[in-house]
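Chain naming here is simple, since letters A, B, ... match the order of the sequence lines and numbering starts at 1 in each.
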Number of protein chains: 2
Amino acid sequence: MLETAENYDASKYERPSVTADVVILTLREQDLQVLLIKRARWPYDGSWAIPGGFVEKDESLRQAALRELREETGVTDVYLEQLYTFGDPGRDPRTRVITVAYLAVTSADQIDPRAGSDAAEARWWSMYALPPSLAFDHDQILDYALTRLRYKLEYTAVGFQLLPKEFTLPELQAAYEIILGEMLDKGNFRKKLARANVVEPTGQYRQTAGRPAELYRYRQDAVAETRARRLFP
Amino acid sequence: MLETAENYDASKYERPSVTADVVILTLREQDLQVLLIKRARWPYDGSWAIPGGFVEKDESLRQAALRELREETGVTDVYLEQLYTFGDPGRDPRTRVITVAYLAVTSADQIDPRAGSDAAEARWWSMYALPPSLAFDHDQILDYALTRLRYKLEYTAVGFQLLPKEFTLPELQAAYEIILGEMLDKGNFRKKLARANVVEPTGQYRQTAGRPAELYRYRQDAVAETRARRLFP
DNA sequence: TAAATAGTGTCTCTTAGACAATATTAT
DNA sequence: ATAATATTGTCTAAGAGACACTATTTA
């Protein structure tokens with residue numbers, strides 16, 4: 001339709017607000033957990049939400065996500081990737097808000113205890129037992145994040161981000177099992193890992209209730225090759 | 001203090017403009033081609049750009065992309081997925097612009113000839129011989145689109161979107177070869193396709209310079225199964 | 001019959017997955 | 001020795017990839 005003074009809708013050209021929200025995932029307590037913040041006012045007063053904030057004038061989307069991450073957890077060295085952009089009208093009742101969602105994956109021992117030391121209440125939640133009511137469309141965002149993580153686990157080295165620098169193969173396998181939600185065969189898991197040539201033994205061992213487990217580290221020079229093909233082909 | 005939506009001071013931030021840009025891909029002339037528009041003013045006057053426009057107040061991001069697509073090509077029934085969001089400051093010298101890029105894949109015979117009938121000059125370009133200077137960061141967006149398409153080709157049914165409803169297996173294989181940029185083995189290609197159980201013969205044949213080729217169609221009820229696992233396992 | 005194209009079959013090597021066997025520690 | 005855990009090996013079926021072969025049309 002031709003636009004005239006009669007039907008001109010000024011609000012049509014209002015610029016939306018843009019936020020960067022970060023799904024921060026880690027392994028804690030033999031569980032895949034996400035950091036959420038409790039909202040203290042309308043809308044979704046009392047609901048839990050993914051941390052995020054407005055993208056500032058002179059920062060990139062990624063910088064905005066990194067800033068949020070740092071403010072919430074103190075973490076700076078982290079795996080971070082853009083997930084998806086959510087922008088349905090009405091997803092925020094206050095105004096039009098477009099949210100660029102990021103996925104951050106880090107090992108629990110990287111996280112600074114001052115996490116959530118700001119006014120807002122913040123805590124870790126199991127991805128498998130989320131609070132009953134999440135703010136906005138944040139349930140969708142978390143769904144999407146889990147799907148993406150599971151997917152990436154199969155053909156990138158993101159899994160190693162969840163563990164400390166040194167780890168045993170049974171620990172690595174447990175991490176995979178927690179994230180994928182299924183048990184893996186010990187022998188086959190190790191076979192794949194060996195073929196991918198992506199970890200190397202440190203020569204040291206970790207005590208267990210039975211035979212000690214050898215410690216491994218992620219091969220730094222493996223990154224280049226892993227980009228090219230599936231980690232577990 | 002941590003900035004959240006709670007203490008947001010509207011005056012403190014300039015809101016960015018948000019556009020939805022659509023990479024429209026199709027097979028034409030035994031080639032993978034993309035629809036680009038020639039810019040007629042600063043910035044990037046004379047450069048070619050991906051079609052796109054501002055997201056309006058009451059439409060979703062996807063709706064905005066569909067609207068752009070319809071305006072440019074007349075196509076409504078199309079494969080459309082969100083690609084990535086580009087938002088570096090300075091990518092548009094006029095103001096802060098955040099672009100949600102979409103990938104549209106359609107068969108050439110779906111496209112209405114009124115494509116590009118708007119003032120701007122529009123034409124198809126080979127993805128393998130793009131114009132030398134693209135506007136903004138649109139070279140990055142096209143790079144990303146091709147990567148994603150190649151990737152999706154392997155484990156979704158997106159390839160069938162590029163062909164008419166009925167096609168021969170050599171035609172399908174040629175489409176795959178054009179997109180992947182490599183030759184495929186006839187026998188192995190057909191074996192995979194058979195295993196995936198994703199096409200069915202129509203019983204009709206197409207004339208060629210040699211033995212006629214049987215026409216196939218995409219199995220509609222195959223969609224559900226293809227979602228679950230790789231199309232070509 | 002020859003050329004051109006469509007369609008099928010076969011062989012080998014690799015991998016996935018299920019499962020079993022062995023190794024090394026603590027109690 | 002037994003329990004607990006780590007680590008390695010074996011068997012089978014399926015799939016990938018290279019390649020050769022057969023089938024059906026036109027000229």
Side-chain angles (χ1 to χ4, degrees), chain A residues 30 150-151 153-156 159 163-164 166-178 180-217 219 225-226 228-233, chain B residues 30 150-151 153-156 159 163-164 166-178 180-218 225-226 228-233:
Chain A
Q30 303 290 346
R150 284 177 172 168
Y151 190 64
L153 207 59
E154 289 191 10
Y155 68 100
T156 75
L163 296 172
E166 300 194 347
F167 48 85
T168 70
L169 298 191
E171 286 166 0
L172 181 63
Q173 182 177 343
Y176 270 72
E177 289 172 341
I178 287 167
L180 296 177
E182 60 181 335
M183 293 297 111
L184 302 176
D185 182 274
K186 217 166 24 170
N188 297 335
F189 182 79
R190 297 167 89 106
K191 246 191 304 182
K192 285 186 184 179
L193 206 54
R195 241 199 330 276
N197 190 31
V198 81
V199 295
E200 59 187 6
T202 66
Q204 294 188 301
Y205 291 82
R206 173 164 298 164
Q207 286 284 110
T208 73
R211 173 175 172 175
E214 188 159 18
L215 283 167
Y216 285 78
R217 72 171 72 89
R219 281 183 57 230
E225 8 180 322
T226 358
R229 52 159 182 55
R230 283 172 73 109
L231 179 57
F232 299 129
Chain B
Q30 303 289 347
R150 284 177 172 167
Y151 191 65
L153 206 59
E154 289 189 10
Y155 68 101
T156 75
L163 295 172
E166 300 194 348
F167 49 85
T168 69
L169 297 191
E171 287 167 358
L172 181 63
Q173 184 178 342
Y176 270 72
E177 289 172 341
I178 288 168
L180 296 177
E182 60 181 337
M183 293 296 111
L184 302 176
D185 181 273
K186 205 167 36 169
N188 298 336
F189 182 79
R190 296 168 88 106
K191 245 190 307 181
K192 285 184 183 181
L193 206 54
R195 241 197 333 273
N197 191 29
V198 81
V199 294
E200 58 188 6
T202 67
Q204 294 188 300
Y205 290 82
R206 172 165 297 163
Q207 287 283 111
T208 75
R211 172 176 173 175
E214 186 159 20
L215 284 167
Y216 285 77
R217 73 171 73 87
Y218 176 62
E225 8 180 320
T226 358
R229 52 160 180 55
R230 282 172 74 111
L231 178 58
F232 299 128

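In this structure, the CG atom of A:Asn197 is 13 Å from the P atom of C:dT15, given to the nearest Å. The CZ atom of A:Phe167 sits 15 Å away from the P atom of D:dA6 (whole-angstrom rounding). The separation between B:Met183 atom CE and D:dC19 atom P is 16 Å, rounded to whole Å. Rounded to whole angstrom, the span from the CG atom of B:Leu184 across to the P atom of C:dA6 amounts to 15 Å. Rounded to an integer number of Å, the gap from A:Asp185 CG to D:dA6 P is 14 Å. Separating the CD atom of A:Glu171 from the C1' atom of D:dT5 is a distance of 13 Å, rounded to the nearest angstrom. Atom CG of B:Leu169 is separated from atom P of C:dA6 by 10 Å (rounded to the nearest Å). For the pair A:Glu214 CD and C:dT25 P, the computed distance is 12 Å after rounding to whole Å.
Between A:Pro170 and A:Glu214, every side-chain heavy-atom pair lies at or beyond the 4.5 Å cut-off. Contact of the A:Gln30 side chain with the A:Ile178 side chain is registered, since non-hydrogen atoms from C-beta on lie closer than 4.5 Å. Side chains of A:Leu180 and A:Arg150 form a contact here, defined as non-hydrogen atoms less than 4.5 Å apart. Side-chain contact between B:Leu163 and B:Tyr218 is absent, with no heavy atoms from C-beta onward closer than 4.5 Å. Counting heavy atoms from C-beta outward, A:Tyr216 and A:Leu172 have side chains that stay 4.5 Å or more apart.
Between the base of D:dT7 and the side chain of A:Lys186 there is a donor-acceptor pair shorter than 3.5 Å. At a cut-off of 3.5 angstrom, the base of D:dG17 holds at least one donor-acceptor pair with the side chain of B:Lys191. Within 3.5 Å, a donor on the side chain of A:Asn188 pairs with an acceptor on the base of C:dA18, or the reverse.
A:Arg190 has no side-chain polar atom (N or O) that falls below the 4.0 Å cut-off from OP1 or OP2 of D:dA6. Residue B:Gln207 places at least one side-chain N or O under 4.0 Å from the OP1 or OP2 atom of D:dT26. Phosphate contact (OP1/OP2 of D:dA6, side-chain N/O of A:Arg206, threshold under 4.0 Å): absent.
Checking C:dA23, C:dA18, C:dA6 against the side-chain heavy atoms of A:Arg211 singles out C:dA23 as nearest.
Position along DNA chain D of the nearest nucleotide to A:Gly187 versus A:Gly210 favours A:Gly210 as the more 5'-ward residue. Along DNA chain C, the nucleotide nearest B:Thr208 and the nucleotide nearest A:Pro212 are compared for position; the residue whose nucleotide lies closer to the 5' end is B:Thr208.
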